[in-house]
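These notes are about the structure you will find just below.
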Protein chains: 2
Amino acid sequence: MTLTQLRYLVAIADSGLNITLAAEKVHATQPGLSKQLKQLEDELGFLLFVRKGRSLDAITPAGVQVLENARRILAEVNNVRSYAANHRRESHGELTLATTHTQARFVLPPAIAEVKRSYPQVGIHLKPAGEGEVLASLAKGQADLAVISTAGDPPADGLAIPLFRWKRVLLVPRGHPLADAGQAPTLETLARHPLISYDSSVRPESSLRRAFAAIGLEPQIALTAHDADLIKTYVRAGLGAGLLAEMAVTARDVEELVVLPAPPQLPECMTWALLPHGRVLRDYAVELLHALAPQLDRHDLRRVLAGNLEADWPTPPTWVELSQAITV
Amino acid sequence: MTLTQLRYLVAIADSGLNITLAAEKVHATQPGLSKQLKQLEDELGFLLFVRKGRSLDAITPAGVQVLENARRILAEVNNVRSYAANHRRESHGELTLATTHTQARFVLPPAIAEVKRSYPQVGIHLKPAGEGEVLASLAKGQADLAVISTAGDPPADGLAIPLFRWKRVLLVPRGHPLADAGQAPTLETLARHPLISYDSSVRPESSLRRAFAAIGLEPQIALTAHDADLIKTYVRAGLGAGLLAEMAVTARDVEELVVLPAPPQLPECMTWALLPHGRVLRDYAVELLHALAPQLDRHDLRRVLAGNLEADWPTPPTWVELSQAITV
DNA sequence: CGCGTTTACGTCGTTCGTAACGATA
DNA sequence: TATCGTTACGAACGACGTAAACGCG
């Protein structure tokens, strides 16, 4: 068993059992992977994949088990490499962030700029995805760090660092019935208007639906997108009232549209940085965390990351506080 | 970075920084290890050991960190190997048990015989050690499984499987003052007699000392040994009253000496099987666990070992119940 | 017939062991 | 001078890539 074999195994699994594709990903040739896979199977004494003709058709149950361990092993190896790179103060590297569109578009830019300033040689990659995919690619080691939002509890697995709290806002065109009030509508009022919001709001367990369900109503979700810019476009087109994260409101939106608070029954949300337990981050990744959450001390961060102990995080600031602190 | 390099690194660390000795342990030559270590250090970019002249003098702080990860990685690799060997129903292998003398001498024999019957090709190694060393060698991966006793809570780290409960007994020669009563002496009475017990009883936090301290007394520990047989020898020599685990009492002891219950203030003890979280055991090791704790279902065991979930163990039987069940 | 995997083969790099050397107590 | 680690070198092994063969849709 070699680390190369395990790396190839994982690459094959992550390429949908296509050895040729996997070979490209690991910068090797297809016969090389094929042979190493065979050798690994020979050593273990059983097949890791079931073959259908010549192609790989599925992972065997034993293969799933081995794959899991292989991921853990490779993750630890990566930890050593990260630790070593930090130790020798290497200032170049890659940083892959798995995150949702809203974070990438409205939250991360200043933080990333900050990191880029301190570490100009770091290549930063944004991996936009839905919430589920974010968690998956984080767990698979395809991203170093994830930044996502939830309306309630922190995600179960891994280390969740609370970054800031935020509220939803309503965005309506000038002259829209909701705009006249100039204040947050009630849920009952809101239920009478078509809404434009995120894809996630159609899920029955979404906080939006639950808030409405609590008073026996159902929102009219006219249109959904995972892209706040798209939502705004349709708001401008008069298709409905946009319900989106306050972070997504730009100065231009304030000029051209009407921004209202969302009904108070909609719970406050939290944005989290996520990473698996025990993962060692490069210094620039810690720097990113610090840029995202200035209320957290760099050393405390390091300690929690290293020690794996559940930290008593201070109550994170609201988005308003945070963005004011940044612009000031 | 290769698994070989990590294996060599760990071997060097576990050989007291003696490369020559480490080379023998891993069945390789000394220059081989020396070179691989150098290569690893080159790749990581810093020294793992501080050199004093030509010899290795100490591990660097960074080396400690890398060593930790290396152990984790190698442990996972071993898990894969064990899993594979189980999967192909391999019936040979090695089983190393870290345990104390009393367990090895009086508790394990029938269980080991049972395993040997089902798996004659398995080489079983007993690694006798004090309690601290047991935990250390288990964590270092030098033992597959540990069996130890405590008077109170289960050991903190790793998975602790309660095997059975047991009491201490007093062993005195015929005609000893304590023998006349024919029943358990009080702590006060016991305090007036010299005692012969285990090494561990001299620790101030030992349950023995604490029980005496609770009533403001101190036991007279005349002699200690980690070996129950030694204790008995000195009891026979009339040097004092032996205070030892009931498992250590043989039929011959009952004939030749007087066995009394210990004062009821001495808490009941528990014998545990210990293994680190996430360690995959060979089938014969699970068989050993089952032989030691017949009250536990093999499949439940497997599930807990695999799932890593804290099990709600059933209350384990007492040693008396357990040994009767075995002899019957 | 194209796609993807396996097999075959030659080359290159790496590892390993032996042997000699260096340093240290 | 004995012990231990490093360097040097040659042999053997193993990995990799190219090229060709094989199956399947």
Side-chain angles (χ1 to χ4, degrees), chain A residues 1-60 62-63 66-67 70 73-74 77 80-81, chain B residues 1-60 62-63 66-67 70 73-74 77 80-81:
Chain A
M1 197 182 323
T2 64
L3 291 177
T4 306
Q5 287 169 351
L6 299 181
R7 200 162 57 95
Y8 287 178
L9 168 65
V10 170
I12 292 172
D14 287 347
S15 305
L17 278 53
N18 180 326
I19 298 186
T20 307
L21 184 58
E24 288 172 21
K25 286 195 191 170
V26 298
H27 306 105
T29 61
Q30 181 274 325
L33 271 75
S34 196
K35 194 165 196 179
Q36 291 297 318
L37 173 61
K38 193 179 187 42
Q39 283 193 10
L40 182 57
E41 288 180 327
D42 284 349
E43 177 178 343
L44 294 179
F46 48 83
L47 293 179
L48 296 168
F49 298 98
V50 290
R51 268 69 170 183
K52 184 179 192 171
R54 290 219 150 192
S55 300
L56 306 187
D57 187 48
I59 311 189
T60 62
V66 173
L67 185 66
I73 292 168
L74 294 174
V77 170
V80 174
R81 294 215 169 93
Chain B
M1 197 182 324
T2 63
L3 291 177
T4 306
Q5 287 168 351
L6 299 181
R7 201 162 58 94
Y8 288 178
L9 169 65
V10 169
I12 292 172
D14 287 347
S15 305
L17 278 52
N18 181 324
I19 299 186
T20 307
L21 184 58
E24 288 172 22
K25 285 195 192 173
V26 299
H27 305 107
T29 60
Q30 181 273 325
L33 271 74
S34 195
K35 193 163 197 181
Q36 291 298 317
L37 173 61
K38 192 179 188 42
Q39 284 193 10
L40 182 57
E41 288 180 328
D42 285 348
E43 177 178 344
L44 294 179
F46 49 83
L47 294 179
L48 296 168
F49 299 98
V50 291
R51 268 71 169 181
K52 184 180 192 170
R54 290 222 150 187
S55 299
L56 306 187
D57 188 48
I59 311 189
T60 61
V66 174
L67 186 66
I73 292 167
L74 295 175
V77 170
V80 174
R81 294 215 170 93

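Chain A is the first sequence line, chain B the second, and so forth, proteins listed ahead of strands; every chain is numbered from 1.
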Applying side chain to side chain contact (heavy atoms under 4.5 Å, CB included), run through B:I12 and B:F49 and close with a yes or a no. CA-CA 10 Å; B:I12 292 172; B:F49 299 98; 3.8 Å; yes
Which part of the nucleic acid, if any, lies within contact of [X], taking any heavy atom under 4.0 Å across all strands shown: a base, the sugar-phosphate backbone alone, or nothing?
X: B:G53; value: sugar-phosphate
X: A:L21; value: nothing
X: B:K38; value: sugar-phosphate

Reported CD1-to-NZ distance for the pair A:I19 and A:K35, which is rounded to 0.5 angstrom: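 The CD1 atom of A:I19 sits 14.0 Å away from the NZ atom of A:K35.
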Rounded to the Å, how far apart are [X] [atom1] and [N] [atom2]?
X: A:L17; N: C:dT5; atom1: CG; atom2: P; answer: 9 Å
X: B:Q5; N: C:dT15; atom1: CD; atom2: P; answer: 7 Å
X: B:L3; N: C:dT14; atom1: CG; atom2: C1'; answer: 16 Å
X: B:I12; N: D:dC4; atom1: CD1; atom2: P; answer: 14 Å
X: A:E24; N: D:dG17; atom1: CD; atom2: P; answer: 13 Å

State which of [options] makes the closest approach to the side chain of [X].
X: B:P31; options: D:dC16, C:dC16, C:dT18; value: C:dT18
X: A:T4; options: D:dC16, C:dT5, C:dG17; value: D:dC16
X: A:N18; options: C:dT5, D:dG5, D:dT6; value: C:dT5
X: A:Q36; options: C:dT6, D:dC16, D:dG5; value: D:dC16
X: A:I19; options: D:dG5, D:dG17, C:dT5; value: C:dT5
X: A:R51; options: D:dG17, D:dT6, C:dT6; value: C:dT6
X: B:Q39; options: D:dC16, D:dG17, C:dT15; value: C:dT15

Nearest-nucleotide comparison on DNA chain C, the residue closer to the 5′ end among B:K35 and B:Q30: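 The 5'-side residue here is B:K35.
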Considering residues at least two apart in sequence or located in another chain, which fulfil the side chain to side chain donor-acceptor pair (under 3.5 Å) criterion with A:E41?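 Side chain to side chain donor-acceptor pair (under 3.5 Å) check on A:E41 returns A:R51.
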Could you tell me whether the phosphate oxygens of C:dT5, OP1 or OP2, come under 4.0 Å of any side-chain nitrogen or oxygen in A:T20?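 Answer yes for this pair, as a side-chain N or O of A:T20 is under 4.0 Å from OP1 or OP2.
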Are OP1 or OP2 of D:dA15 and a side-chain N or O of A:Y8 less than 4.0 angstrom apart?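 Answer no for this pair, as no side-chain N or O of A:Y8 is under 4.0 Å from OP1 or OP2.
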Hey, mind stepping through B:L67 and B:V10 against side chain to side chain contact (heavy atoms under 4.5 Å, CB included) and telling me if it holds? CA-CA 7 Å; B:L67 186 66; B:V10 169; 4.0 Å; yes
Under the 3.5 angstrom rule, does the side chain of B:Q30 hit a backbone N or O of B:A23 as a donor-acceptor pair?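 Answer holds: no.
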